[in-house]
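These notes concern the structure reproduced below.
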Protein chains: 2
Amino acid sequence: MSEDDRSVARERVIESMEQSAEVYGLSRSAGRIYGVLYFSEAPLSIPELVEETGYAKSTISNVTRTLTRIGLIYRRSSEGGGRRVHYTAEREIWFSLQDVFQQYVHREIQTTLRAIQRAEAQLPDDAGTEAERIEELRETYEDLREIVTLASDFTAAELRDALESYDR
Amino acid sequence: MSEDDRSVARERVIESMEQSAEVYGLSRSAGRIYGVLYFSEAPLSIPELVEETGYAKSTISNVTRTLTRIGLIYRRSSEGGGRRVHYTAEREIWFSLQDVFQQYVHREIQTTLRAIQRAEAQLPDDAGTEAERIEELRETYEDLREIVTLASDFTAAELRDALESYDR
DNA sequence: TCGTTCGTTCGGAGTGAGCCGAACAAACAG
DNA sequence: CTGTTTGTTCGGCTCACTCCGAACGAACGA
């Protein structure tokens, strides 16, 4: 088993992370940068990430900022108090994915609910089919909001267990 | 309460649907077209959708095709056996959202799992940190797959109830 | 049969996002 | 103080995506 085999296997997983990133609304570069950090033994600086990924320094800088903001990677000032900044990956990706979810889906749900509520406030209850359909929408979105809120407190294993053991 | 008030309220909700569409990986036009159909009393043909939305005929044609493919709207040949095609919205959006979810997330999870499994098959068990980290990834993704699979059989209310009543 | 209406397909314009390179600011080494 | 290294910011390029209009094929009515 050679070093080559290892890096091929690693590369394969990183490529799938690139693809996953797109699904979660991030760029491919974000997926690769996260992947490199995920497998890295030690924290990496921006020049090292440039070396590893082939992306431009500016790209690394921008992407690491957004990844840090979402909580997928951590930024640490170098141990020696040096200038260099080091990044490590959050390896419990479940929490990170939840955060991304909160950022995207929950925010969207809130926005939609506000729009629905404002529309309902404007319409009397007997306003016909419009009001009925808006009410249906609101009920579904309230369920959705509650689901997302509750799910954010679960670990993956707990969530799985909750669904498996639920008896209708 | 005027017709104007009704249409203003409707417009507000449709605008939020436009925005939601982007979050779910669809175009704004898809959000509007779905919204118009959602509130429409009767099924609408392409020319009528052109009239209602202001989009070009070709846009309507393309977008309705993708919306039909994901199951957010239904295509029906006209009653009279006529040439005209009519579209209606799936109003139980929960099912539609689940479908979109299946299309995007579940597919992505499967792809990632395959990549991980191929990588693991190539690596012996004692391959060091690479193998460990890949194994962690696999476990999380297996949970994820199970969660998505289970959740696809739940209604929104059931899912909400399952989470609310789960006792750790 | 001819004109009309409906729906799809194709090429092109406009737009936004991702990425790059250059320029810059800040902090260190010598 | 000077040169070097690190990280950020800015303008521009490219590519993909959305949407449009035009052209086309197919089905109907007269």
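Throughout, a chain's letter reflects where its sequence line sits, starting with A, and its residues are numbered from 1. In this text, all values refer to a predicted model and were calculated from it rather than measured experimentally.
Between B:Met17 and B:Arg32 the shortest side-chain heavy-atom distance does not fall below 4.5 Å. Under the 4.5 Å side-chain criterion, counting only non-hydrogen atoms from C-beta, A:Thr88 is not in contact with A:Ile73. The closest side-chain heavy-atom distance from A:Tyr87 to A:Ile46 is below 4.5 Å.
Within residues 20-29 of chain B, the residues approached by DNA chain D to less than 4.0 Å at the level of any non-hydrogen atom are B:Ser27, B:Ser29, in residue-number order. Using a 4.0 Å cutoff on non-hydrogen atoms, the parts of residues 44-63 of chain A near DNA chain D are A:Ile46, A:Pro47, A:Lys57, A:Ser58, A:Ser61, A:Asn62, ordered by number. Residues from residues 30-40 of chain A lying near DNA chain C, meaning a heavy-atom separation below 4.0 Å, are absent.
Considering only side-chain N and O atoms, A:Arg65 lies under 4.0 angstrom from the phosphate OP1 or OP2 of D:dT9.
Looking at residues two or more places apart in sequence or on another chain, you find no salt bridge (charged side-chain N to carboxylate O under 4.0 Å, His left out) involving B:Glu90. With sequence neighbours excluded, no residue forms a salt bridge (charged side-chain N to carboxylate O under 4.0 Å, His left out) with A:Glu139. Scanning for side-chain contact (heavy atoms from CB on, under 4.5 Å) contacts around B:Leu163 gives A:Ile147, A:Leu150, A:Ala151, A:Phe154, A:Leu159, A:Ala162, with sequence neighbours left out. Scored by the side-chain hydrogen bond (donor to acceptor under 3.5 Å, both in side chains) test, A:Arg138 finds A:Glu120, A:Glu142 as partners (sequence neighbours excluded). Partners of A:Ser40 under the side-chain contact (heavy atoms from CB on, under 4.5 Å) rule, at least two apart in sequence or in another chain, are A:Leu44. Taking A:Arg65 as the reference, A:Asn62 meet the side-chain contact (heavy atoms from CB on, under 4.5 Å) condition, with sequence neighbours excluded. A search for side-chain hydrogen bond (donor to acceptor under 3.5 Å, both in side chains) contacts involving A:Arg69 returns nothing, not counting sequence neighbours.
Identified under the side chain to side chain donor-acceptor pair (under 3.5 Å) test for residues 105-117 of chain B, with sequence neighbours left out: A:Ser20-B:Glu108, A:Ser20-B:Thr112, A:Tyr24-B:Glu108, B:His106-B:Thr149, B:Glu108-B:Thr112.
Taking the C1' atoms of five terminal pairs at each end of the helix from C:dT1-D:dA30 to C:dG30-D:dC1, the two resulting helix axes are inclined by 0°, rounded to 10°.
Side chains of A:Thr129 and A:Glu132: no donor on one and acceptor on the other come within 3.5 Å.
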Exercise for the section: Please assess B:Arg28 against B:Glu22 for the test salt bridge (charged side-chain N to carboxylate O under 4.0 Å, His left out), listing each intermediate value before the final yes or no. Expected result: CA-CA 6 Å; B:Arg28 295 185 68 83; B:Glu22 287 186 327; 3.7 Å; yes
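Between B:Arg84 atom CZ and D:dA27 atom C1' there is a gap of 13 Å when expressed in whole angstrom units.
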